[in-house]
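Just so you know, these numbers use all the heavy atoms, side chains as well, and skip hydrogens, waters and symmetry mates. Indexing begins at 1, ligand by ligand and atom by atom, following the structure's order.
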Amino acid sequence: MATERTFSIIKPDATRRNLTGAVTAKLEEAGLRVVASKRLQLSKEQAEGFYAVHKERPFFNDLVSFMISGPVVVQVLEGENAVLKNREVMGATNPANAEPGTIRKEFAESIEANSVHGSDSLENAAIEIAYFFKPEEIVG
Ligand code: UDP
């Protein structure tokens with residue numbers, strides 16, 4: 001097992017309902033440590049750039065609109081097997097398919113407004129962390 005860093009976003013549906021603490025508690029209970037965190041209003045360009053991999057998908061424009069509809073909280077999470085552990089505690093993309101006890105099962109509103117983002121690989125985690133954080137903003 002290796003200590004890893006992964007990237008998380010608490011999405012606008014969750015910040016709007018004042019669930020930042022509740023979501024973060026789930027992450028911490030799973031053994032992940034928040035080593036960087038900031039609340040941001042994403043610009044359209046930032047959201048489009050972040051989700052560029054999805055730009056040909058039918059849901060892209062709606063997803064970008066949703067992601068800029070209110071504040072987000074971007075975080076760096078650290079822990080043993082952090083990438084996989086975070087994906088597990090997040091639950092499936094569609095909350096209807098998410099396991100009981102996961103963040104998306106408990107909090108998500110829909111497949112789009114699903115409360116959290118989490119990196120899907122160590123390689124993408126490094127890219128996504130660098131998109132939002134300078135190295136000196138991360139305190140392990
Ligand atoms: N999404 C959506 N409709 C879909 C699939 C995904 O609106 O049919 C949104 C949803 O917010 C999801 C994000 O696009 O979290 C990125 O999709 P991905 O397949 O990468 O899912 P994730 O890795 O977030 O579970």
Side-chain angles (χ1 to χ4, degrees):
M1 296 244 278
T3 300
E4 295 175 348
R5 284 180 176 173
T6 192
F7 177 73
S8 168
I9 305 179
I10 302 176
K11 293 183 177 181
D13 67 286
T15 62
R16 188 177 296 123
R17 288 175 290 149
N18 213 17
L19 292 172
T20 298
V23 170
T24 303
K26 285 273 196 194
L27 300 171
E28 291 180 339
E29 283 161 18
L32 296 163
R33 182 176 298 272
V34 180
V35 294
S37 184
K38 56 188 170 190
R39 183 173 167 102
L40 297 173
Q41 172 62 54
L42 296 182
S43 67
K44 188 161 180 278
E45 292 68 29
Q46 266 178 315
E48 286 174 346
F50 183 75
Y51 280 119
V53 63
H54 291 310
K55 67 174 183 297
E56 306 304 333
R57 307 282 286 276
F59 58 81
F60 179 73
N61 287 337
D62 285 346
L63 175 61
V64 168
S65 297
F66 163 62
M67 290 299 290
I68 65 173
S69 68
V72 298
V73 177
V74 294
Q75 296 178 320
V76 180
L77 309 176
E78 187 177 87
E80 294 290 321
N81 284 333
V83 172
L84 185 61
K85 197 173 274 182
N86 184 40
R87 295 291 302 189
E88 284 173 358
V89 72
M90 287 164 61
T93 308
N94 185 345
N97 301 329
E99 294 293 324
T102 61
I103 291 168
R104 284 167 165 171
K105 187 66 169 188
E106 292 208 2
F107 301 127
E109 294 181 321
S110 67
I111 190 169
E112 176 183 82
N114 60 4
S115 302
V116 278
H117 165 85
S119 308
D120 62 4
S121 69
L122 201 51
E123 186 189 7
N124 282 337
I127 294 167
E128 292 173 359
I129 289 169
Y131 195 81
F132 285 105
F133 289 98
K134 300 184 190 122
E136 63 268 28
E137 292 177 309
I138 303 168
V139 184

Side-chain ([X]) to main-chain ([Y]) donor-acceptor, under 3.5 angstrom:
X: T15; Y: V72; answer: no
X: N114; Y: R104; answer: no
X: Q75; Y: V34; answer: no

(message) Would you say the rings of Y51 and F60 are close, in the sense that their centroids are separated by under 6.0 Å?
(response)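 No: the rings miss the under 6.0 Å criterion.
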- [ ] Would you check, one step at a time, whether the test side-chain contact (heavy atoms from CB on, under 4.5 Å) holds for F50 with E45?
- [x] CA-CA 8 Å; F50 183 75; E45 292 68 29; over 6 Å; no
Identify the protein heavy atom lying closest to [atom], giving its residue, its atom name and the separation to 0.1 Å.
atom: atom 9 (C) of ligand 1; answer: L63 CD1, 3.8 Å
atom: atom 21 (O) of ligand 1; answer: T93 OG1, 3.3 Å
atom: atom 5 (C) of ligand 1; answer: F59 CE2, 3.5 Å
atom: atom 23 (O) of ligand 1; answer: R87 NH1, 2.9 Å
atom: atom 20 (O) of ligand 1; answer: H54 NE2, 3.1 Å

Which atoms from ligand 1 have a heavy atom of [X] less than 4.0 Å away?
X: K11; answer: 10 (C), 11 (O), 12 (C), 15 (O)
X: E112; answer: 7 (O), 10 (C), 11 (O)
X: N114; answer: 10 (C), 11 (O), 12 (C), 15 (O)

Practice problem: Considering only NZ, NE, NH1 and NH2 on the basic side and carboxylate oxygens on the acidic side, decide whether R5 and E78 come within less than 4.0 Å. | Solution: yes
**Item:** Electrostatic pair R17-E109, nearest N-O below 4.0 angstrom
**Value:** yes
Stepwise, does the side-chain contact (heavy atoms from CB on, under 4.5 Å) test hold for H117 with M90?
CA-CA 8 Å; H117 165 85; M90 287 164 61; 5.6 Å; no
| field | R104, any N or O under 3.5 Å of ligand 1 N or O | value |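 Between R104 and ligand 1 (N or O atoms, distance only) the closest approach is under 3.5 Å.
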*Return a yes/no value for H117: is any of its N or O atoms, backbone included, closer than 3.5 angstrom to an N or O of ligand 1?*
no
Heavy-atom gap [X] to ligand 1 smaller than 4.0 Å:
X: I111; result: yes
X: M90; result: no
X: M67; result: no

Pairing donors with acceptors under 3.5 angstrom, does anything connect the side chains of R87 and S119? no
